[in-house]
Amino acid sequence: MARQIKSPDIEKNNFRNTYFSILGVLFIVILFIVLWNPLNLNRTVYVPLTPQAETTVNDNTHSSVVIDDGKVEMINGKPSTVTESSDIPEDEIVKDELDDIVDDKDNTVQYTIARGDTLHDILIRYNVNRNDIYQLTTKFKQLANLRIGQQISWTTDDNHNLQTFSWTISSNNIRIYEKSGDKFVESSETVESVPQNIVIKGDIKSSFVADARKNGLTSNEIGVITRALQWRLDFRRLQVGDKFSVVLTREMHGNRLSNSQLLGVRIKNGTKDYYAILADDGKYYDINANSLSQSFFRYPLAKQARVSSGFNPRRLHPVTGAITPHNGVDFAVSRGTPVLSVGNGEVVIAKYSGSAGNYIAIRHGRQYMTTYMHLDKILVKPGQQVKQGDKIGLSGNTGRSTGPHLHFELHINNKPVNPLTASLPISEGLTGKSKKAFLSKVKTISSQLDF
Ligand SMILES: [Zn+2]
């Protein structure tokens, strides 16, 4: 009986409980929605260090596509001229003939076939003109038979047009494809390659590059020499009457030079001799087995500092939406922080230069250049030799900069690279067994390097 009376009460209670539960959940949901926006806004308030110039924005108006060589290209983004930028100096660093040599303007590439490679993909990767690739691969179907480990090499002109292509099937079977008009013509060489040791000697009459060429050295070989000795010798300082002597191994296929290796070089500059001798590790050392390389600091600062803007070759401009590369790294440092040279070198620019503000550029050897911008004070002069760690300036907020920071760039072969990740030369001499082996090699090679 009692159960029958109680039953509707329980049902009523259940109904009431459910009703309040739903009401409660609804209340929480509404409260959440009401509070969410202001909470969220509060959390994302962003105070950039340098509000205008250094702010990166996401680009919603342009869509990107991945083209088949892996590069991302903007399809709607017009490459419009940038009217605003934080760190473009007005003064350009002057180049000379040695830059062309070091930059490897010969445009010759040697490549060893690896697993999964196809000729088409390799040449696309190296930016070879697509029409030339098409012409070559459709006319010569045998080029689909490249084997892992085989060597190929090719030469392009400055506009990426293929000039010659060679395929080494074996040491006495080389196919050569040469462009004649619009088409390629195949020929083959069946002569066994003969490695020859060659000694080339010369006097400086005008410049090292000109005289080395006149005496039969190729641009490639001159590039290897200038890179090997870049930290010891400024080739522009060589004068009439200075001398050079070079020992090389050249592999010849008939009349064609297929490979060349510099074994040793000696350059006499006034009364001083500079040597670079090849060791078994593939690097060059002086005749005492000391390294010819120069070391670098990662940061131009005594202490690590926060990076407020990283290296970004595809940075989008916050106003124009155009790609405005950020060719360096910004360190958030207060005004007056000492700025140090990251390596030994020569100051090439030290002046106020447009939006870069007080600006210093230092050349290190032939391949490396560093720049320092927005400085408060410059403490060096153009032409001055600086040592690694020398105080060259004080950081500041000059030029187009909206807050104190140091903009620092590293260029390798005249191209800006990320200074925080780039591989930098290390300077370590040989020791122990490898030093012993090297020194006995030095004896044989240096005896051929007399004048
Ligand atoms: Zn910057």
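Model, not experiment: these values are computed from the prediction. Numbering of ligands and ligand atoms starts at 1, following listing order.
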Subject >> Closest Asp330 atom to the Zn ion (ligand 1) [N, O or S only] >> reply: OD1
Original post:
Of all the atoms in His405, is at least one N, O or S atom closer to the Zn ion (ligand 1) than 2.8 Å?
Top reply: no
Original post:
Is the distance from the Zn ion (ligand 1) to the nearest N/O/S atom of His407 under 2.8 Å?
Top reply: yes
Original post:
Is the gap between the ring centers of Tyr284 and Trp231 under 6.0 Å?
Top reply: no
Original post:
What do you reckon, are the aromatic ring centroids of Tyr372 and His407 less than 6.0 Å apart?
Top reply: no
Original post:
Hey, are Arg213 and Ser219 close enough side-chain-wise for a donor-acceptor pair under 3.5 Å?
Top reply: yes
Original post:
Taking just the N, O or S atoms of His326, which one is nearest to the Zn ion (ligand 1)?
Top reply: NE2
**OP:** Would you check if the distance from the ring center of Phe140 to the ring center of Tyr177 is below 6.0 Å?
**Re:** yes
